[in-house]
Every structure is written in structure tokens, then in C-alpha cells.
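One structure is given below, encoded as C-alpha cells.
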Amino acid sequence: MVIFFHHGNKDFGANISLSDLLFPIILYYFISRNKIILNGAHLIYGCLLVIVGLLTSFIFIPITMNIEPNPSGIIEGYIKLSIVFLYFILGYSICKSKLIESMLKWYSIAGVIIGSIGIISLFINLGSLNKIFYFGDVRFRGIMIDPNFFAVLQVTTLAYFTRNISIKKIYRIIIITIVVASILLSGSKTGFLTFIIYFGLRLFEYIIVTKKSFKKIILIILFVALLILSLPILINIFQYMLEYIGNIMPIFNRVKVIFTDFNSAIGGEGSGRKEAIMGGIHIIKKSPILGVGVGNYYNFMEKTLGYFQDAHNTYIQLFAEYGFVLAFIYYAYIFINICKSRTIKNKSKNNILILRDIIVILLIGSLALSLDNARMYWFYLGAFFYEVKKKT
């Protein structure tokens, strides 16, 4: 099932994944074997979210702002919420069966295989398959509906291969190269920025968080000092590399703009996220505490602004729908569990770190993508919560 987390397509007006075909079978198996684990705190939060959301959409908003709800949109919103919550429960339950390590492995291998297809396509014409693997015949997207989403998922595969010390260093270098190349082929500024931020966090973890001997600390300080002194030369080399890669891989020019004109990268060249983000902020300002309710985002935006579109930012969309209180509790709980994961010291810590990294990467990607209904996010979030709870 996790292999197909890399797949997504729009059918019948909804985002469908091949994982959805296997999901009910696996869920039924766990239910029939009495292996489903329910956490009381998670269920209470879910019920509170539904109750508050319905009261807000059908009573508070119509009375205070005279904006009638769109029942079909709200029903659709709760159907999506129910599905991802079931993915969350399955992820939480599956860890007890000790399958999570195997799932992380095959999920990551699948990402590398898909990325390899992108590299092969540079040298071999895939013919009619290009329509599947490429967006607009230019941007590689694997088997995902969106090249930006694909690129962020590719970054998540790095968590397994960089944390798994049993993999030989040469293989890890090859795999990392394949993954980074596939991100560049996607032409995704979101994916590349997510990779850079994740790389920075891992570097910070290595230099600051991980305990080092005095000798290593001195070497790190000398390296940083040398790096600073070499900056003028390195900048020239870097600019040359950007031009060179842009010449042999034209789609990279979409990513190159991050370094040459950051403002244009965020708001220009087709991204156009400023209007979407401002629309989401407008909704939050209108109803900051209670939000507008699950599934009522587009309806509220259309009634107040005359247009509707994705926020392209999960945080804005969730704060707009859930309201400040429930959204804050949700993200605070995630943050607390991330902090707890640092204190765990046992044999399964590696799995916890991989799961934590996947969640962190998806949270970084959430700054430019709406991942509130992303299956793999909720599945791995459930698994992460279970592992942290079990080991603390």
C-alpha cells in the first residue's frame, strides 16, 4: 500500500490514489483481527473538531456574517477528513504489528525507482509514457498528479536512506544523487526549497545537537571559518554551476530563480501564491477563533472575495477551517511529540527518527502545498505518534 503513496490522479472530481484500493482491505484485516488501536485523546479531538466545525458552518457563520453554508462542500470536506483519519488510525495501529520498518523501506525504494525513471527519460524517449510521467511534457512528476507534491515526496525518501546506517555509503550517495536529480527534473521550487531546509536542519543536528568531541568541534569551527573566507570564490563557482545545469536541463531554470530572484520565485513564474495566501489570511481575519468549519473554506472565500482557490499553504487552510484554538492544539501536539522523539534511546529509535523526519519534511512542504488531506502524511503521523507514545 505504501508504495502507492507515490501515486495520485484526479478522477471523478476527486484526488484518487492506488493506495485507496488496498487501504480498505488492510483496514478490514486489522479490524477483523481486532488489531485496531484507538487513542482516547485523538478520538476526543476528532469529535470536538466535527462538532465545532458543524456548529460554526451551519449556525455561527450564517448568524454573525449572513453567509449561507454549502452543504455539498461541507459533506465532501468531512468525507475527506474521515478517510484521512482512518489512514491515521491504521498508521497508529500498524506499528504494533512491527510492519512499519518494512513499509518505510519499500516506500523509500519506490520513490528512488520512480526518480530513476526520470533520469532514464533524459536519455531514452519514453514515448506515450511521457504523458504519465511529465506535467505539460516538461516537468517530471513521477506518477503523482502534481510535480510539486512529487518533489516533496522525493525528499521524504531521503529520511530512510540517510538515517539507515546499514546501507553502504557509496549506495547512499548514489541514491541521494538520484533523488536530488529527480527533484530538479520536476522543476519544483517548493520541492527544492524543502530539500534545502531539510538539509540545513540535518546539518544543524549534526553540528549542534549531536554530542561531539573537542577535536571534532575544533575541526567544525575551522571548516566554517574556511567556508566564510572562501565565500567570494564559492559564489562564483555556484553561479557558474547554476548556468551550466540550466543549459543542460532547461527545466532547472524554474528552480534557479530561487537563487537569482527569490521574490520572483515565490510570487512569479506561474506560482502566483500571493493571491491564494492573502485569500486564506482574509478568512482567518474574519473568523479567527472558530474558523469557518471543515469543507467551508471555498464557499466562504467565494462569498466574501468573489473567487476561490487552494491556499497553497496547509497552515493557513487549517487555521481558517479549524480556527485558532483547535489548529493550535493540533500543531502544538505534533511539536511536543517531535521534541519527545529526541529523548528516546532504544533499538527502534531509528524508525522514530525516520518517521519524525518524514513528518518534518511534509510540514516544511506544507508551507507551499495544501497537504491537509494527504494520505501518507496522516498514515505516517499516526505511526509516529504510536512509536513516541510507546517508547516514552
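Note that the structure is a prediction, hence the values are computed from the model and not measured.
- Formation of a donor-acceptor pair under 3.5 Å by the T314 side chain with backbone atoms of L369 is found in this model.
- Put simply, the side chain of F150 reaches to within 4.5 Å of the side chain of S182, judged on heavy atoms.
- Across all their heavy atoms, P71 and P69 have their closest contact at CD-O, 3.3 Å.
- A heavy-atom distance below 4.5 Å is found between the side chains of V112 and S116.
- I89 is not listed as a side-chain neighbour of F30, based on a closest heavy-atom distance of 4.5 Å or more.
- In summary, D372 and K80 do not engage in a salt bridge, as defined by a charged side-chain N under 4.0 Å from a carboxylate O.
- For S93 (side chain) and L90 (main-chain N/O), no donor-acceptor pair under 3.5 Å exists by modelled atom type.
- Looking at every heavy atom in both residues, I100 comes nearest to N351 through CG2-ND2, 4.3 Å.
- Using a distance-only test at 3.5 Å, with no hydrogens or angles considered, no donor-acceptor pair links the side chain of S57 to the main chain of I74.
- Taking both residues in full, the closest heavy atoms of Q317 and S370 are given as OE1-OG, 3.3 Å, listed atom of the first, atom of the second, then distance.
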| request: Run the numbers on Y160 and I167 for side-chain contact (heavy atoms from CB on, under 4.5 Å), then give the verdict. | output: CA-CA 10 Å; Y160 177 80; I167 301 173; 4.1 Å; yes

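- The closest side-chain heavy-atom distance from Y92 to K389 is below 4.5 Å.
- In this structure, H6 contributes its side chain and Y107 its backbone to a donor-acceptor pair below 3.5 Å.
- Within the 4.5 Å cutoff, no side-chain heavy atoms of L290 are placed close to those of L326.
- The one candidate from Y45, F384, F328, F385 that meets the ring-ring contact (aromatic ring centres under 6.0 Å, His included) condition with Y333 is F385.
- Note that CZ of R163 and OG of S108 are 13.0 Å apart. Values are rounded to the nearest 0.5 Å.
- Both Y29 and I31 are assigned to one and the same hydrophobic cluster, defined by single-linkage of ILVMFWY side chains at heavy-atom distances under 4.5 Å.
- A donor-acceptor pair under 3.5 Å is formed between the side chain of N296 and the backbone N or O of V292.
- Counting all heavy atoms, side chain and backbone alike, L371 lies closest to L362 at CD1-O, 3.5 Å.
- Going from atom CD1 of I354 over to atom OG1 of T156 covers 11.5 Å, rounded to the nearest 0.5 Å.
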| task | Show your reasoning for whether side-chain contact (heavy atoms from CB on, under 4.5 Å) applies to V179 and V155. | result | CA-CA 7 Å; V179 171; V155 182; 5.9 Å; no

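- With N299 contributing its side chain and E68 its backbone, the two residues share a donor-acceptor pair below 3.5 Å.
- Looking at Y78 and V50, their side chains come closer than 4.5 Å, going by heavy atoms from C-beta outward.
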| request: Evaluate side chain to side chain donor-acceptor pair (under 3.5 Å) for S19 paired with S17, printing each intermediate quantity in order. | output: CA-CA 5 Å; S19 63; S17 170; 2.9 Å; yes

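- Side-chain contact between V84 and F379: absent, with no pair of heavy atoms (C-beta onward) separated by less than 4.5 Å.
- Atom OG1 in T64 sits 11.5 Å away from atom CD1 in I59 (nearest 0.5 Å).
- Between F133 and F140, the ring planes are parallel. Angles under 30° get that label, and only those over 60° would be called perpendicular.
- When atom types are taken as modelled, the side chain of Q154 and the backbone of G111 share a donor-acceptor pair closer than 3.5 angstrom.
- Residues F88 and Y28 fall into different hydrophobic clusters, defined by Ile, Leu, Val, Met, Phe, Trp and Tyr side chains chained together at heavy-atom separations under 4.5 Å.
- Closest of all the heavy-atom pairs between L81 and N373 is N-OD1, 4.4 Å.
- Not one N or O on the side chain of H7 forms a donor-acceptor pair closer than 3.5 Å with the backbone of M144.
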| said: Show, in sequence, the C-alpha distance, side-chain angles and deciding distance for Y322 and I329, and conclude whether the side-chain contact (heavy atoms from CB on, under 4.5 Å) test is met. | reply: CA-CA 10 Å; Y322 293 9; I329 291 171; over 6 Å; no

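- Hydrophobic cluster membership is shared by L21 and W106, with clusters built from Ile, Leu, Val, Met, Phe, Trp and Tyr side chains linked at under 4.5 angstrom.
- How far OH of Y331 is from CD1 of I338: 11.0 Å, rounded to the nearest 0.5 Å.
- Looking only at distances, a side-chain donor or acceptor of S186 sits under 3.5 Å from a matching main-chain atom of I183.
- The side-chain heavy atoms of D20 and F4, taken from C-beta on, include no pair separated by under 4.5 Å.
- Distance CD1/I83 to CZ/R375: 7.5 Å, rounded to 0.5 Å.
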| request: Could you please spell out the steps behind the ring pair (Phe, Tyr, Trp, His ring centres under 6.0 Å) verdict for F23 and Y87? | output: CA-CA 8 Å; F23 171 69; Y87 269 100; 4.0 Å; yes

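- Grouping the Ile, Leu, Val, Met, Phe, Trp and Tyr side chains by contacts below 4.5 angstrom, directly or via other members, places Y330 apart from I336.
- Considering all non-hydrogen atoms of both residues, L38 and I36 come closest at CD2-CG2, 3.9 Å.
- Aromatic ring centroids of F85 and H42 lie 6.0 Å or more apart.
- At most 12 non-hydrogen atoms from other residues, nucleotides or ligands lie less than 6.0 angstrom from NZ of K286.
- The ring of Y171 has its center no closer than 6.0 angstrom to the ring center of F161.
- If you chain together hydrophobic residues whose side chains sit under 4.5 Å apart, I289 and I61 fall into the same group.
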| Could you walk me through whether M103 and I3 pass the side-chain contact (heavy atoms from CB on, under 4.5 Å) check? | CA-CA 8 Å; M103 288 188 161; I3 292 173; over 6 Å; no

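- Look at D146 and R141 and you find no salt bridge, because none of the NZ, NE, NH1 or NH2 atoms lies under 4.0 Å from a carboxylate O.
- Going from atom OH of Y298 over to atom CG of N70 covers 12.5 Å, rounded to the nearest 0.5 Å.
- Between the side chain of R356 and the backbone N or O of S341 there is no donor-acceptor pair closer than 3.5 Å.
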